[in-house]
Amino acid sequence: MAETEVNWCPALGTVLANDEIVNGVSERGGHPVIRKKMTQWSMRISAYAERLLQGLETIDWSESIKESQRNWIGKSVGASVKFQVSGSKFQVEVFTTRPDTIFGVTFMTLAPEHDLVSQITTPEQKATVEAYVEATAKRSERERMADVKTISGVFTGAYAEHPFTKEPIPIWIGDYVLAGYGTGAVMAVPCGDERDFAFANFFKGTQGMPEIKNIFNQDISEATFAEKGGFELVNSDFLNGLDYKEGTKKAIEALEQIGHGKGKTNYRLRDAVFSRQRYWGEPFPVYYVNGLPQMIDAKYLPIILPEVEKYLPTEDGQPPLGNATHWAWDSEQCAVVSNQMIDDKTVFPLELNTMPGWAGSSWYWMRYMDAHNENEFAGQEALNYWENVDLYIGGSEHATGHLLYSRFWNKFLKDRGFITPEEPFKKLINQGMILGMSAIVYRLVVSSVSGGRNEFGQDTVGDNIYGKPIYVSSKYYKEFIKYKIVSTESNFGIRFGRGTDVIINNEKNEVLTELSTSLFEKTSSNTTGITIYEDSFDIIDINDLRVDVNIVNSSDEIDLEKLRNWIPEFKDAEFILENGKYIVGREVEKMSKRWYNVVNPDDICNQYGADTLRLYEMFLGPLEQAKPWNTAGITGVSGFLKKLWRLYFDDNGLIVTNDEPTAEMYKSLHKTIKKVTEDIENFSFNTSVSQFMICVNELAQLKCNHRKILEPLAILVSPYAPHIAEELWSQLGHEGSISTVAFPVFEEKYLIESEKEYPVSFNGKMRFTIKLPLDLTVAQIEEIVMVDERTQAQLQGRTPNKVIIVPGKIINLVG
């Protein structure tokens, strides 16, 4: 339990993880998020940093996921260096991977959240520093890390002493330094670091920013020199003439001798915050005696969340459990009791925070091993039998979250003696995301900043001059795009994007008239369009809004009645149609409730059946690739299953016979066995579905209703469409599940060709084909071809000059 820098969302009253923040606001609700220090429970994942790195070499994961974790763990070898703050008792400790550049330190930079900032800032700089710290708190760490273009910082007014030269080094704060990485402070060496170089040049000539010190025998007038080779150190006292390797070694030795530093390995990985200020989640089994946490013995667990009137934070900012009236621990009865009984002698307050989602997601597969065990998370026999997960299929978006936490959790449980494997997942495949086809409507807002008149002669200022929402069909939005491309008028500007403007300069009447006419046509009843007068507006805004894809048909036409009833926004809206229809725009993006493009699988199952949904998902494309969902494509898969069924049944019932299949039937079946077996091993499920479709078409053409073919086919299909396969197996007269039957084995003999259909050509032009055994000699083939009546008809009594035969390939008669 420690004071930790967290992402705090005041509106939601809770700490957020980095992946719950988008562009500085909460993903849910879009509320501002600030950085602040809070006392939090944390998991000591940092203690496992090196083992987490080494373990990556033992598992079959994609290199991209491994690299993401390596970068997140961020191992760095270097030195810890202490700088004394001039005229004070404080020291600034930094970690650097380049101790050889110690004589190139030009200034120091602290993270705005660094504990020393408030203590070393001079009175003259206090107001400026505090304003900067407050502004920086509104930016997430991820945003600050990603923003390499913005340069900002403030001089604290304080100086540090160089450990060797004792020269004064100005101390700045800047948001490119993060409190949680290293020590939250850097010794800035502009001659050897790009960000330090940019920072120094940006503030060049201002108070507290001296000239850049160059310690390399290289030119840095235009850019920094960040290489670890190809130089000799200069202006570096006892390090002069040394390279990176020797300079680093000697610098560390010298720092250790004077007590200002030592060699150190550092990791970017920080302890993971494990507290959440919300109701849902596992409660901590913790109560407080004189403010100190005490653990509730495991034999009294679980602690069940209490009933609360509301799930919001309390008025004084406590988590939702602060609203509970029955949330205290009686240490004598060992039970949760009413808060009114708290006496801080035998009854104490319980922890108000709850655990995050990864409290469960970090170990759940172990519970699968022994799900009905009521005494422990899994029995030793089950754990020893199952060990770790053979294959994990999951998204790459969890690389530095769940996939890292679960590895850490697994190692901890191993250390405690509960399990034996070091790693939780042997093999990992990142499946592609299912993308949604969003539906977009285009809202047109015509407004006047200087005043204008609407169709009814009413004056308007800065608002929609028609007093109601106007939505233009997709065609008209494309017209705007066209004008954006073709307009060459310097005073006619169109800018596009969500919420941006289309600006019309009223002096360009010809452009204005042309644009207005192409978009709106006035009719006598004024029901199909709206007139725009030339002086009635200054600005046109176009906003693209996502709408529910379930009220849009396969032709991209939206059901306007359902749209009007969907949300109040559309109830009284005006719709500018094309050919009497409102056609939406389309965009492929992440399937999300946020974009209203989620397809409910229950609806698909109700309409087409679960097997159709299952097959279609596999048929969309390779497992690893992102795939756009298109409901219209489901009908093809549904049709395939109906064709499959018709191999076994007609209108009068089961038509399967015990007749011996033909060679072609066996060939089609065993091609499919071979392909599906290989595809399952390679996780190429989409190509298996394609092969099923080919096989069913071939067997239908061969009029195959033979048991020796159709029973193995049902087994082959069963992993892909289990429900229809179970039904077929039962109808074929079998008891028990098809899933317990041995999988069909490929036999190569059925694919060996005994005949070849030769193309027969005359002077290079193919005239007919002839099927011949493959074991015939060239002379035998020529004899058969020459007596064929079709050959005689082509030759008309002539004798060919040459007969070219390539066994198994071609027959060509020349001359």
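Side-chain atoms of S275 never come within 3.5 Å of backbone atoms of V273 as a donor-acceptor pair (strictly under, hydrogens ignored). With hydrogens and angles disregarded, no donor-acceptor distance shorter than 3.5 Å links the side chain of T97 to the backbone of S76. Panel note: side chain T109, backbone I173; no donor-acceptor pair is recorded below 3.5 Å. A donor-acceptor contact shorter than 3.5 Å links the side chain of Q69 to the backbone of A399. Between the side chain of K66 and the backbone N or O of L56, at least one donor-acceptor pair lies under 3.5 Å. Using modelled atom types, one side-chain atom of T96 and one backbone atom of R98 make a donor-acceptor pair closer than 3.5 Å. A distance-only check finds no donor-acceptor pair linking the side chain of K228 to the backbone of A226 [under 3.5 Å]. R416 places no side-chain N or O within 3.5 Å of a backbone atom of K411 that could act as its donor or acceptor partner. In this structure a side-chain-to-backbone donor-acceptor pair under 3.5 Å is missing from T4 to Q40.
For residues 55-77, no pair satisfies ring pair (Phe, Tyr, Trp, His ring centres under 6.0 Å), with sequence neighbours left out. Residue pairs meeting the ring pair (Phe, Tyr, Trp, His ring centres under 6.0 Å) criterion with at least one member in residues 6-29: none, sequence neighbours excluded. Note on residues 372-382: no pairs pass salt bridge (charged side-chain N to carboxylate O under 4.0 Å, His left out), not counting sequence neighbours.
Under the ring pair (Phe, Tyr, Trp, His ring centres under 6.0 Å) criterion, F743 pairs with no residue, sequence neighbours left out. For R367, there are no salt bridge (Lys or Arg N to Asp or Glu O under 4.0 Å) partners two or more places apart in sequence or in a different chain. Listed by chain and number, the residues in a salt bridge (Lys or Arg N to Asp or Glu O under 4.0 Å) with D415 are R51 (sequence neighbours excluded).
Checked by atom type, the side-chain pair N430/S396 shows no donor-acceptor distance below 3.5 Å. The closest side-chain donor-acceptor pair between D196 and Y176 falls under 3.5 angstrom. Side chains of E589 and S438: a donor on one and an acceptor on the other come within 3.5 Å.
The aromatic rings of H402 and F425 are tilted relative to each other, their planes meeting at an angle between 30° and 60°. Note: Y279 and Y311 have tilted aromatic rings, judged against thresholds of 30 and 60 degrees for the angle between ring planes. Taking the six-membered ring for Trp and thresholds of 30 and 60 degrees, W409 and W358 have ring planes more than 60 degrees apart, a perpendicular arrangement.
Listed here is the closest heavy atom pair of I45 and D271: N-OD1, 3.4 Å.
Put simply, the residue from F202, F203, Y132 that forms a ring pair (Phe, Tyr, Trp, His ring centres under 6.0 Å) with W172 is F203.
Counting only heavy atoms from C-beta outward, the side chains of K250 and L242 approach each other to under 4.5 Å.
Using a 4.0 Å cut-off between charged side-chain N and carboxylate O, E113 and R139 make no salt bridge. A salt bridge links R70 and E67; the closest N-O separation between the charged side-chain nitrogens and carboxylate oxygens is under 4.0 Å. In this structure, R407 pairs ionically with E423, as a charged nitrogen and a carboxylate oxygen lie closer than 4.0 Å. E587 and R546 are joined by a salt bridge, as a carboxylate oxygen and a charged side-chain nitrogen come within less than 4.0 angstrom of each other.
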Practice task
Decide yes or no on ring pair (Phe, Tyr, Trp, His ring centres under 6.0 Å) for W41 and F274, but give the supporting numbers first.
Solution key: CA-CA 5 Å; W41 290 99; F274 201 65; 9.2 Å; no

Problem - Step-by-step side-chain hydrogen bond (donor to acceptor under 3.5 Å, both in side chains) determination, N7 to R35 - result: CA-CA 5 Å; N7 302 311; R35 296 287 296 173; 2.8 Å; yes

Handout entry: Verdict with supporting geometry, E227 and Y244, side-chain hydrogen bond (donor to acceptor under 3.5 Å, both in side chains)
Key = CA-CA 9 Å; E227 303 298 324; Y244 160 72; over 6 Å; no

Exercise for the section: Assess whether ring pair (Phe, Tyr, Trp, His ring centres under 6.0 Å) is satisfied between Y616 and W629, documenting all intermediate values. Expected result: CA-CA 10 Å; Y616 180 64; W629 179 272; 5.0 Å; yes

Exercise for the section: Take T136 and D175 through the test side-chain hydrogen bond (donor to acceptor under 3.5 Å, both in side chains) and record every step on the way to the result. Expected result: CA-CA 7 Å; T136 304; D175 67 357; 4.9 Å; no

Exercise for the section: Test side-chain hydrogen bond (donor to acceptor under 3.5 Å, both in side chains) on E351 and Y288 and set out the steps. Expected result: CA-CA 7 Å; E351 171 68 64; Y288 287 87; 2.3 Å; yes

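Checked against the 6.0 Å centroid criterion, the rings of F107 and F199 qualify as a close aromatic pair.
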